[in-house]
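Some notes on the structure that comes next.
Letters go in sequence order (proteins before strands), and every chain restarts at 1.
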There are 2 protein chains.
Amino acid sequence: MSEIIVPSPADFHVHLRQGKMATLVTPHVRNGGFSLAYVMPNLKPPVTTTAQALAYKAELESIDSSVEYLMTLYLSPDLTPEEVVKAKEAGIAGVKSYPRGVTTNSDGGIESYEMYYPVFEAMQRVDMVLNLHGEVPSDAKTNTHILNAEPKFLTHLHALHKAFPRLRIVLEHATTRAAVDAVKACGPTVACTITAHHLELTVDDWAGQSFNFCKPVAKYPDDREALRQVIRDGHPRFFLGSDSAPHPVHSKSTSTPTQGCAAGIYTSPILLPLVAHLLESFDALDKLEGFVSTFGRCFYRRELSAENTSNVVLRKIDGHVVEGKYGADEESVVPFWAGKEINWKIVTN
Amino acid sequence: MSEIIVPSPADFHVHLRQGKMATLVTPHVRNGGFSLAYVMPNLKPPVTTTAQALAYKAELESIDSSVEYLMTLYLSPDLTPEEVVKAKEAGIAGVKSYPRGVTTNSDGGIESYEMYYPVFEAMQRVDMVLNLHGEVPSDAKTNTHILNAEPKFLTHLHALHKAFPRLRIVLEHATTRAAVDAVKACGPTVACTITAHHLELTVDDWAGQSFNFCKPVAKYPDDREALRQVIRDGHPRFFLGSDSAPHPVHSKSTSTPTQGCAAGIYTSPILLPLVAHLLESFDALDKLEGFVSTFGRCFYRRELSAENTSNVVLRKIDGHVVEGKYGADEESVVPFWAGKEINWKIVTN
């Protein structure tokens, strides 16, 4: 196969930031082959109201109007059932839940779900999606750490699904076999995003290598195999959410004894070729269209029609070297696989 | 308790390097309260002959003659039973085995032990100690990674102990409950070193924080608790080997997409106060003398007599801030816990 046509790829989990960083990275969504971006709300301050989300959407559209931005709110005690209704009417697609302190700008994250049941009830009624960062905070007393934080979260997933069986839930950026199995065991209202980088990395790759460090951290080879297998299987509730997360190069390349490096891997500018390359590496290239377009669009009710489809053409090549960085100087961002070769290239976007 | 007298502390696993780095770090052994250093052979090139080991010992003595240096050879196919006999006669204490590629300068490490059985036979006969870096190399096909590399090594430990029941073996820098249990299950000829930093760190601490990154990596809270408990128990076959490993600051503080940071944590200059502080934190201060002096000396047959004992006095203080670095500029080394406070201080050394 030397060319693949992919209809309107959709990235169902991406960080587009604010200000100068947003100006740099937002056009990379389209450059990377994607015409839909499901936008995370963990700004400073977080996006907690409809008004904020619409203003943020307008900012992103002013940078690049060729992409459809699906907006989300940040789950916090300030979010009311009334605001959920208002958000739905304004076209906001989902609400993102961050456990406290587990990733970038999650200090205001949640500690227990039951207080949010009235909000989830409203979300279920108006059909908004709940996006779960599925990790519990580390706690030495219970032997909870960053490598079992996701498996230990899955009881919450099952409890929420049971309490709100019609609420559409997405377990974001799954990294473990346990998470894959848990989502498979749920009903049709529960789906799961998988990043590109978690299809490639394991714990060995981020040990001492800050450019491969992200949250959730990449797990064991057996976990990676479970992610690959569910894509090979073409399971329609598992689809791409890149979790592409830009950080200025200095915050990735340097540590001091009191300040480690930022968590996050940046894949937007190379996303579709990278995913094709990775899927081909584990014999799942025939599932590319489902994984990057139709499965997620179906779950999110963003199906394509003849009028709104924009085909992206990928061509097999000998090896295209990934850029070393995007942007200038201290504010530049280093993409995943910088300097490595990818065997697919976008020829029509 | 406001003062503790510790008789001649002994560090049974330390990296003293070569050249300028050796000149910087060798005096830190004594400054850190220790009068015996069991010296690792992973130089460039590795120390594989008696002549090299003696030359290295002379180099270290010329830098600081107040410390007793116990020397080791690097296990490789070049090491013959004849050389083992020669080494023993020259006072060399042990032979260190590194699995291939798992840590600093281990490219020449071993892949299988059976080819070394004639060497081990000679070591058992002349009573030299076998020091094991107890990790198997990562292999995605068998789900072997840096977090289970030590548990997966333990079958080798048991096989070696069974084949050579009188050979004294030390499992170095144990990091897991599985390793502690395995050593406890062995006979009196098998002991285990534990570092200071593995009594404090878990996987969460080195994720994205290169100054806490070492090999073997720190494991889970439950593993740390097993290390702490065996010290609380005062088990005589578990004793300090710091694995203090200096790296120039730039190799720790910076990463590029193609070059991660160096693996190693530097504790020599603060070692005895640090160990006292940590043992006190988990209610094992009464085991300090056994852990840092008598247990290891007994296993290595370096017991103290009235003439060769040099008492080190530690005093409890309000908090002594650890130096930010040792040495000048690019070649400086940042110690573990730089800028943090330690509640014990050496007052007589």
Side-chain angles (χ1 to χ4, degrees), chain A residues 102 137-149 177 202-226 247 249-266 322-325 334-340, chain B residues 102 137-149 177 201-226 247 249-265 322-325 334-340:
Chain A
V102 299
S138 290
D139 179 3
K141 285 190 288 299
T142 59
N143 196 37
T144 307
H145 47 76
I146 54 171
L147 285 150
N148 66 11
R177 180 175 290 280
T202 70
V203 60
D204 282 52
D205 297 303
W206 57 262
Q209 177 40 282
S210 54
F211 285 93
N212 290 336
F213 172 58
C214 61
K215 294 281 187 73
V217 295
K219 305 299 192 302
Y220 312 125
D222 178 64
D223 293 301
R224 181 180 63 181
E225 180 52 30
H247 290 278
V249 59
H250 59 85
S251 72
K252 290 298 286 181
S253 63
T254 57
S255 290
T256 69
T258 54
Q259 178 69 56
C261 76
I265 290 180
Y266 189 53
V322 176
E323 296 284 331
K325 65 174 186 172
V334 175
F336 185 59
W337 265 19
K340 289 197 176 188
Chain B
V102 299
S138 290
D139 179 2
K141 285 190 288 297
T142 58
N143 197 36
T144 306
H145 47 76
I146 53 171
L147 284 149
N148 67 12
R177 180 175 292 279
L201 303 174
T202 70
V203 60
D204 282 50
D205 297 303
W206 57 263
Q209 176 41 282
S210 54
F211 285 93
N212 290 336
F213 172 59
C214 60
K215 294 280 187 76
V217 296
K219 305 299 192 303
Y220 312 126
D222 179 64
D223 293 301
R224 182 180 62 182
E225 180 53 29
H247 290 278
V249 60
H250 58 86
S251 73
K252 289 298 286 181
S253 63
T254 57
S255 290
T256 70
T258 53
Q259 177 69 56
C261 76
I265 291 180
V322 175
E323 297 284 333
K325 64 173 186 172
V334 175
F336 185 59
W337 265 19
K340 289 197 176 187

For this session: Using atom types as modelled and distance alone, determine if a side-chain donor or acceptor of Asp204(A) lies under 3.5 Å from a backbone N or O of Ile146(B).
Result: yes
For this session: Measure from the side-chain N and O atoms of Asp222(A) to the backbone N and O of Asn143(B), and report whether any donor-acceptor pair falls under 3.5 Å.
Result: no
For this session: Test Val203(A) against every option in Val217(B), Val203(B), Leu147(B) by the side-chain contact (heavy atoms from CB on, under 4.5 Å) rule and name the one that passes.
Result: Leu147(B)
Exercise. Side chain, backbone, both or neither: which part of Thr202(A) has a heavy atom under 4.5 Å from chain B?
Worked result: neither
Seminar exercise, completed: Residues at least two apart in sequence or cross-chain that pass side-chain contact (heavy atoms from CB on, under 4.5 Å) with Lys340(A), listed by chain then number, are Trp337(A)
For this session: Could you list the residues that satisfy side-chain contact (heavy atoms from CB on, under 4.5 Å) with Thr144(A), not counting sequence neighbours?
Result: Val136(A), Asp139(A), Thr142(A), Asn148(A), Lys152(A)
Problem set entry | Nearest-0.5 Å distance, OG1 of residue Thr256(A) to CD of residue Gln209(B) | 6.5 Å
Exercise. With respect to chain A, which residue among Gly260(B), Ser255(B), Ala140(B) yields the maximal number of heavy-atom pairs within a distance under 4.5 Å?
Worked result: Ser255(B)
Only pairs of heavy atoms separated by less than 4.5 Å count here; which of [options] has the most with chain B?
{"options": "Ala338(A), Ser253(A), Cys214(A)", "result": "Ser253(A)"}
{"options": "Val334(A), Asp223(A), Thr254(A)", "result": "Thr254(A)"}
{"options": "Ala207(A), Ser210(A), Ala149(A), Ala262(A)", "result": "Ala207(A)"}

Exercise. Using non-hydrogen atoms only, which part of Glu225(B) is less than 4.5 Å away from chain A: side chain, backbone, both, or neither?
Worked result: neither
